[in-house]
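Everything below concerns the one structure shown next.
None of the values given here were measured: they were computed from a predicted structure.
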Amino acid sequence: MVIYIIKKGMLYPALIRPEEKEYLSSYWQDSIEGPKRKYNYATKLDIAQFQDQWAEWNAFQDILRKVVSHTYEYAQK
C-alpha cells in the first residue's frame, strides 16, 4: 500500500498549475468560519482535455515500453 503525506501548504500550489493551464476551474466563496475558501472543479471540457492528454500519455508509454523491451531483448542475445 502506498501512503502519500500531504503537508500543509502543498495542496494549494499543486492545484495552481492545473488551473493556470485551464484543466481546472475555480471560484471563491465566503466561509462561515475563517477566510474565503477557494473551490476547484473540473468541467466537462476540462475532463475531455484530460482524457485526450491521458490517451496521448498512454500511447507514449506504450512506445517507450516497446523500445525498452526491444533494447532489453537485444542486450540479452
Side-chain angles (χ1 to χ4, degrees):
M1 175 173 45
V2 177
I3 298 175
Y4 294 99
I5 298 173
I6 299 175
K7 295 181 181 180
K8 185 177 182 180
M10 290 176 62
L11 186 58
Y12 183 74
L15 291 173
I16 288 174
R17 289 182 206 99
E19 186 177 2
E20 287 173 347
K21 294 183 178 188
E22 299 179 357
Y23 300 141
L24 290 176
S25 298
S26 64
Y27 64 94
W28 288 91
Q29 184 171 333
D30 290 331
S31 174
I32 295 172
E33 298 175 8
K36 286 185 175 185
R37 297 184 183 191
K38 186 174 186 178
Y39 294 90
N40 293 66
Y41 61 94
T43 64
K44 289 181 181 180
L45 178 59
D46 298 329
I47 293 169
Q49 289 173 339
F50 174 78
Q51 289 172 334
D52 289 344
Q53 290 184 338
W54 188 256
E56 289 177 20
W57 172 250
N58 284 329
F60 172 75
Q61 284 183 316
D62 289 341
I63 293 168
L64 193 56
R65 278 190 203 102
K66 289 175 184 175
V67 169
V68 170
S69 175
H70 179 71
T71 303
Y72 178 77
E73 290 172 9
Y74 181 76
Q76 296 299 316
K77 292 182 181 182

Value for CZ (Phe60) from CZ (Arg65), rounded to nearest 0.5 Å, stands at 10.5 Å
Side-chain donor/acceptor pairs under 3.5 Å, residues 50-57, sequence neighbours excluded:
unit_1	atom_1	unit_2	atom_2	d
Gln53	OE1	Tyr23	OH	3.2
Gln53	NE2	Tyr23	OH	2.8
Trp57	NE1	Gln61	OE1	3.4

Could you work out, with side chain to side chain contact (heavy atoms under 4.5 Å, CB included) as the rule, every residue matching Lys36, not counting sequence neighbours?
Trp28, Asp30
